[in-house]
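What follows is a set of notes on a single structure, which appears directly below.
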Amino acid sequence: MTPPAAPLRAAVLGSGSWGTTFAAVLADAGCAVTVWGRDAATVEEITHEHRNSRYLPGVELPAGVSATTDPRAAVADADVVAVAVPSQRARDVLAPLADALPDAAVVVSLMKGVELDTDQRMSQVVAQSLAIDPARVAVLSGPNLAREIALRQPTATVVASTSADTAQLVARACASSYFRPYTNPDVVGVELCGAVKNVIALAVGISQGRGMGYNTMATVITRGLVEITRLGLALGADAETFPGLAGMGDLMATCASPDSRNHTLGVHIGRGMSLDDAVVATGGTAEGVKSCRSVLELATLLGVEMPITSAVVQVLHQGLPVDELAGLLLARPHRAEGV
């Protein structure tokens, strides 16, 4: 009889809502989990009161979750390291840990963005910053709104890696009665879905903030998926990824839910707030605000048309009045639907 596998040890870098939620998922799946966070009060509360009242008010965390302000201590004996920091700060957080990871540890990116200046996807940033083989890196993406998962509402996700062993280890670490991981070798497609859906959610939010209804929302979501697919295929992604959980599934959840920070920030912009005020009113990190520029840069380099993404960049960063957004959302020349 084969003995049961030993419990996995996991570290989560980032004590925000998604990092804390994923720590709870890992603990519920049987892992011993250490969260790293910068804020000493949050770390103390997670460890001793099993709560993170700043980011997940009213949610009780599993007893198997502890926290520390020392990132090297957090990863020292980990089998799985999950990275849940803002995408534009990832390199600064990870580079000092390049010599601290155990040799066999795998790293899973929970981040959804494209790095400014380099236009690199987060898995590329992770592998480069930690100086590890890309085969030790996985990405996790899907319809995974943090608060719903923290309340243990059922959902599924996608774990993508170029290594089947890495993907399966991460899936084993997080699989539970309410959190169902599927593995996928298409890292490029899964990551692009996660990054660009935030931009599309901003467009939906801005539209709704201007009083536009469900026809507009459905149009932007559907054509947004076309933009994501077009960019992904140009980068060699698998077409089957885009109508799945990491593509349409995540896009629907992020564009429709009031718990989505990107959607919420878009609504604030649509109602007339400045970007700075909307960021404050939203709270937390809305990744699409910065990633929209790097996504558009990447698309421009590849010669890929992304009118919705371009419109969001113009509104957020180039001074375009929000009332002019609608005309740009569908700005491509008339043609058949599938192109």
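In this text, all values refer to a predicted model and were calculated from it rather than measured experimentally. When reading the values below, keep in mind they use all heavy atoms of this one structure, side chains included, and skip hydrogens, waters and symmetry mates.
Going from atom CE of Met212 over to atom OG1 of Thr219 covers 11.5 Å, rounded to the nearest 0.5 Å. Atoms CG and CD, from Leu265 and Glu287 in turn, are 12.0 Å apart once rounded to the nearest 0.5 Å.
In the hydrophobic cluster analysis, where Ile, Leu, Val, Met, Phe, Trp and Tyr join through side-chain heavy atoms closer than 4.5 angstrom, Leu225 is grouped together with Val204. When the side chains of ILVMFWY residues are joined at heavy-atom separations under 4.5 Å, either directly or via intervening members, Val190 and Leu233 end up in two distinct hydrophobic clusters. Note on Val108 and Val65: same hydrophobic cluster, where clusters join Ile, Leu, Val, Met, Phe, Trp and Tyr whose side-chain heavy atoms are under 4.5 Å apart, directly or indirectly. By the rule that hydrophobic residues join a cluster once side-chain heavy atoms approach within less than 4.5 Å of another member, Met306 and Phe242 end up as members of one cluster. Side-chain heavy atoms closer than 4.5 Å link hydrophobic residues (I, L, V, M, F, W, Y) into clusters, and following such links, even through other members, never connects Val158 to Met248.
Nearest heavy-atom pair across Ser15 and Gly37 is OG-CA, 3.6 Å. Scanning all heavy atoms of the two residues, the minimum distance from Ala138 to Val170 falls at CB-CG2, 4.1 Å. Of all heavy-atom pairs between Gly113 and Ser291, the closest is CA-OG, 3.2 Å. The minimum heavy-atom distance linking Ala171 with Thr183 is given by the pair CB-CG2, 4.1 Å. Nearest heavy atom pair, residue Met217 against residue Cys255, reads SD-O, 4.4 Å. Looking at every heavy atom in both residues, Ala40 comes nearest to Thr69 through CA-CG2, 4.0 Å.
Other members of the hydrophobic cluster containing Val81, listed by chain and number, are Leu13, Trp36, Val75, Val83, Val85, Val93, Leu94, Leu97, Leu101, Val107, Met111, Met122, Val125, Val126, Leu130, Ile132, Val137; membership follows side-chain contacts under 4.5 Å among ILVMFWY residues, whether direct or relayed. Within the hydrophobic cluster formed by Ile, Leu, Val, Met, Phe, Trp and Tyr side chains joined at under 4.5 Å, directly or through other members, Leu145 stands alone, with no partner residue.
Summarising the local packing, CZ of Arg152 is surrounded by more than 12 heavy atoms from other residues, nucleotides or ligands at distances under 6.0 Å. Annotation: Arg54, atom CZ; neighbour count of heavy atoms from other residues, nucleotides and ligands within 6.0 Å does not exceed 12. In this structure, Asp99 places its CG atom where more than 12 heavy-atom neighbours from other residues, nucleotides or ligands lie under 6.0 Å away. With a 6.0 Å radius and a threshold of 12 heavy atoms from other residues, nucleotides or ligands, Glu240 has its CD atom at or below the threshold. More than 12 heavy atoms of other residues, nucleotides or ligands sit less than 6.0 Å from atom CD of Glu49.
No donor-acceptor distance shorter than 3.5 angstrom exists from the side chain of Ser207 to the backbone of Gly213, with no hydrogens or angles considered. Asp238 places no side-chain N or O within 3.5 Å of a backbone atom of Thr241 that could act as its donor or acceptor partner. At least one donor-acceptor pair closer than 3.5 Å links the side chain of Ser294 to the backbone N or O of Val114. Judged by distance alone, the side chain of His317 and the main-chain N or O of Val289 form a donor-acceptor pair under 3.5 Å. In terms of modelled atom types and a separation under 3.5 Å, the side chain of Arg147 and the main chain of Tyr55 share no donor-acceptor contact.
Looking at Thr300 and Glu297, their side chains never bring a donor and an acceptor atom within 3.5 Å of each other. Side-chain atoms of Ser141 and Glu191 form no donor-acceptor pair, as typed in the model, at a separation below 3.5 Å. A side-chain donor-acceptor contact under 3.5 Å links Ser53 and Glu45. Side chain to side chain, Asn52 and Thr20 meet the donor-acceptor criterion of an N or O pair below 3.5 Å. A side-chain donor from one of Asp277 and Ser274 sits under 3.5 Å from a side-chain acceptor of the other. Ser176 and Asp28 are not linked by any side-chain donor-acceptor pair at a separation below 3.5 angstrom, with hydrogens and angles left out of the test. For the 3.5 Å distance criterion, the side chains of Arg9 and Thr34 fail to qualify, holding no donor opposite an acceptor. Arg91 and Gln120 share a side-chain donor-acceptor pair at under 3.5 Å. Under the 3.5 Å distance criterion, with hydrogens and angles disregarded, a donor-acceptor pair is assigned to the side chains of Glu227 and Thr309.
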Verdict with reasoning, Phe22 to Val33, per side chain to side chain contact (heavy atoms under 4.5 Å, CB included): CA-CA 10 Å; Phe22 195 67; Val33 187; over 6 Å; no
Working for side chain to side chain contact (heavy atoms under 4.5 Å, CB included), residues Thr282 and His268: CA-CA 8 Å; Thr282 300; His268 290 320; 3.4 Å; yes
Verdict with reasoning, Thr155 to Glu148, per side chain to side chain contact (heavy atoms under 4.5 Å, CB included): CA-CA 9 Å; Thr155 194; Glu148 292 183 11; over 6 Å; no
CA sep, side-chain torsions, deciding dist, call: Arg136, Ser161, side chain to side chain donor-acceptor pair (under 3.5 Å): CA-CA 8 Å; Arg136 290 172 60 190; Ser161 177; over 6 Å; no
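Put simply, the side chain of Leu231 reaches to within 4.5 Å of the side chain of Val295, judged on heavy atoms. You'll find the side chain of Lys197 reaches within 4.5 Å of the side chain of Lys112, heavy atoms only. By the 4.5 Å heavy-atom criterion applied to side chains, Ile149 and Asn144 are counted as neighbours. When side chains are defined from C-beta on, Arg51 does not count as touching Val59, because their heavy atoms never get closer than 4.5 Å. In this structure the side chain of Ser123 never reaches within 4.5 angstrom of the side chain of Ser109, judged on heavy atoms. Side-chain atoms of Arg223 and Ile308, non-hydrogen and from C-beta on, do get closer than 4.5 Å to each other. Between Val322 and Arg210, the closest side-chain pair of non-hydrogen atoms falls below 4.5 Å.
The side chain to side chain contact (heavy atoms under 4.5 Å, CB included) test with Ile269 is passed by exactly one of Leu325, Leu202, Val315, Val279: Val315.
Tyr182 meets the side-chain hydrogen bond (donor to acceptor under 3.5 Å, both in side chains) test with no other residue; sequence neighbours excluded.
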